[in-house]
Amino acid sequence: MGDKFKKSRFYERINRGFMVVTTIFLFLVFVVGAGLIEGREIDFWMMLYTDHATQNKLIKELTTEFAAETGIKVNYEFINWAQAREKMTMLSLGAEAPDVADMFWSYTFSDLGRGKYGPMPIEEYIDDYIPDLEERWFASSLVDVKYKGHLYGIPWRIDVRPLVYRKDFAEEAGLDPNSLSTWDDLVTWGEKLTKRDASGKVIRWGVGIGGDLAQYFYNWIWQAGGSFMNEDYTEPTLDSEAGREALQFLVDLVHKYKIAPIDPALDPSYDWGAEYVAGHLAILPVTGSLKKFIEQNAPHLTNVTVAREPLKKKVRVSFQGAGYFGLLYGVKDLDAAMQWLSFLARTDVQLRLAKALGQLTPCK
């Protein structure tokens, strides 16, 4: 009896163990299939728009919420703007890329990638994941993600270019803060706002003229009545009367009137925002949103900083550009990437991104 009892207990334990293992196995099959445990991951790059702590807190919250809903883990990395052009250029030439990224210049990098690398068209998936894109986004922002019949992503920020200046500096110089309107006004203001010490060294420039990117020249040539390309976009029109007039005006601000620094055009590390906050620049004719930067770095300047319509020569012209979230060629899990894009496209998420990062949203 003893041996039979022991064998019976032995087989009972085996059966019980088998049932436990089987149950665990079936559970794992279910949860893996449902995406409820680690197994689906995507990589996400995003440029840094504010201090790291603020942006990291927001993106960590969003990725955590997304993982709870879908079981998909998002590994994220922030890219400094000083590296953004180089990073996008390299991945559009075949360097290792994330699955989803915060991007810009879809037309430039999609051409560079030649349908093999870089930005990946998503128009065939958009109806399944974000069917209301056309209704919820301003049409002007979608221009930046539509190119040669393809759709490359969802815009999430609008970069507009106002005229920004220090009202307190203007009042100290006896200038009417509302009188800055034309190129001639800019010269007058610049001459009165440029300050030098006893040795003649400039301690505050009256005018900042932008940086080393072509986009800093857009406003000037348009305001002079010109353009970069002809109407068919087949020939450049920089070498025109308007192009020469605009370029000569910028040269004169630096060399003739001596009211603007040459540094931004020569030094990629030049930080116009820091110079403005430090009181080394009085006027920024071509710049993006400064509000969040001032609130975080120099709140005492909030009430003395004015942002208004751009200058005028022949016409008064500015522009906007849209940064966007999109997929890249080589994406490992297309469905997971599109789910993340759909999550980022939610109106409440768009609003959270705009508020935390100080951006204007193109989502209605």
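Just the heavy atoms: all of them, side chains too, but no hydrogens, waters or symmetry mates, feed the values below.
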*Would T70 and R40 satisfy side-chain hydrogen bond (donor to acceptor under 3.5 Å, both in side chains), going step by step from the backbone distance to the final call?*
CA-CA 9 Å; T70 65; R40 300 184 71 184; over 6 Å; no
*Dump the intermediate steps for side chain to side chain contact (heavy atoms under 4.5 Å, CB included) on Q55 and L48, then the final yes or no.*
CA-CA 7 Å; Q55 185 160 330; L48 193 62; 3.7 Å; yes
Under 3.5 Å, is there a donor-acceptor pair between the side chain of [X] and the main chain of [Y]?
X	Y	result
R204	L193	yes
E309	P162	no
T63	V74	no
D252	K256	no
R308	N178	yes

According to a hydrophobic-cluster definition based on side-chain heavy atoms being under 4.5 Å apart (Ile, Leu, Val, Met, Phe, Trp, Tyr only), do [X] and [Y] belong together?
X	Y	value
V100	M90	no
W81	I79	yes
V331	Y117	no
V143	Y147	no
M88	Y329	yes

*Is the charged tip of R157 near the ring of Y49: under 6.0 Å from the six-membered ring centre and within 45° of its axis?*
no
Please determine whether the number of non-hydrogen atoms from other residues, nucleotides or ligands lying under 6.0 Å from atom [atom1] of [X] exceeds 12.
X	atom1	result
N80	CG	yes
E135	CD	yes
K355	NZ	no
K364	NZ	yes

*Can you see which heavy atom on L151 is nearest to which on I126, and at what distance?*
CD2-CG1, 3.9 Å
*Over all heavy atoms of both residues, which pair between N297 and V277 is shortest? Give the atoms and the distance, please.*
O-CG1, 4.4 Å
*asked:* One pair to check against side-chain hydrogen bond (donor to acceptor under 3.5 Å, both in side chains): N56 and Y76. What are the steps and the verdict?
replied: CA-CA 9 Å; N56 186 63; Y76 62 88; 2.8 Å; yes
_I'd like to know if K195 pairs up with E172 as an ion pair, taking the criterion as any Lys NZ or Arg NE/NH1/NH2 lying under 4.0 Å from an Asp or Glu carboxylate oxygen._
no
*Hey, is K146 close enough to E134 for a salt bridge, meaning N to O under 4.0 Å?*
yes
Flag the pair [X] / [Y] as yes when at least one side-chain heavy-atom distance between them is below 4.5 Å, and no otherwise.
X	Y	result
L311	L180	yes
E41	D99	no
Y129	I154	no
Q223	F249	no
Q248	V251	yes
M103	F109	no
I59	L353	yes
V202	K258	no

*May I have the step-by-step check of side-chain hydrogen bond (donor to acceptor under 3.5 Å, both in side chains) for T305 and Y276, ending in yes or no?*
CA-CA 10 Å; T305 295; Y276 179 84; 3.0 Å; yes
*Would you please test D168 and N303 for side chain to side chain contact (heavy atoms under 4.5 Å, CB included) and show each step?*
CA-CA 9 Å; D168 54 339; N303 294 328; over 6 Å; no
Starting at [atom1] of [X], measure out to [atom2] of [Y] and round the result to the nearest 0.5 Å.
X	Y	atom1	atom2	answer
E275	D263	CD	CG	8.0 Å
L253	W205	CG	CH2	11.0 Å
I72	Q339	CD1	CD	4.0 Å
K201	R196	NZ	CZ	12.5 Å

_Assess the residue pair W189 and F169 against the criterion (ring-ring contact (aromatic ring centres under 6.0 Å, His included)); give the C-alpha distance rounded to whole Å, side-chain angles, the decisive distance to 0.1 Å, and a yes or no._
CA-CA 10 Å; W189 275 52; F169 288 164; over 10 Å; no
*Hey, mind stepping through E65 and R352 against salt bridge (Lys or Arg N to Asp or Glu O under 4.0 Å) and telling me if it holds?*
CA-CA 13 Å; E65 292 169 21; R352 289 164 69 183; 3.0 Å; yes
*Chi angles and distances behind the side chain to side chain contact (heavy atoms under 4.5 Å, CB included) call for F228, I221*: CA-CA 8 Å; F228 278 84; I221 191 171; 3.5 Å; yes
*Distance only, no hydrogens: is a donor on one side chain within 3.5 Å (strictly under) of an acceptor on the other, for T182 and D185?*
yes
*asked:* Centre-to-centre under 6.0 Å for W220 and F217, is that the case here?
replied: no
_Measuring centre to centre across the rings, with the benzene-like ring taken for any Trp, is Y107 within less than 6.0 Å of Y152?_
no
*Out of F66, F325, F78, which one pairs with F44 under the ring-ring contact (aromatic ring centres under 6.0 Å, His included) rule?*
F325
*Does the side chain to side chain contact (heavy atoms under 4.5 Å, CB included) test come out yes or no for L357 and M46, once each step is laid out?*
CA-CA 12 Å; L357 306 182; M46 186 176 187; 3.5 Å; yes
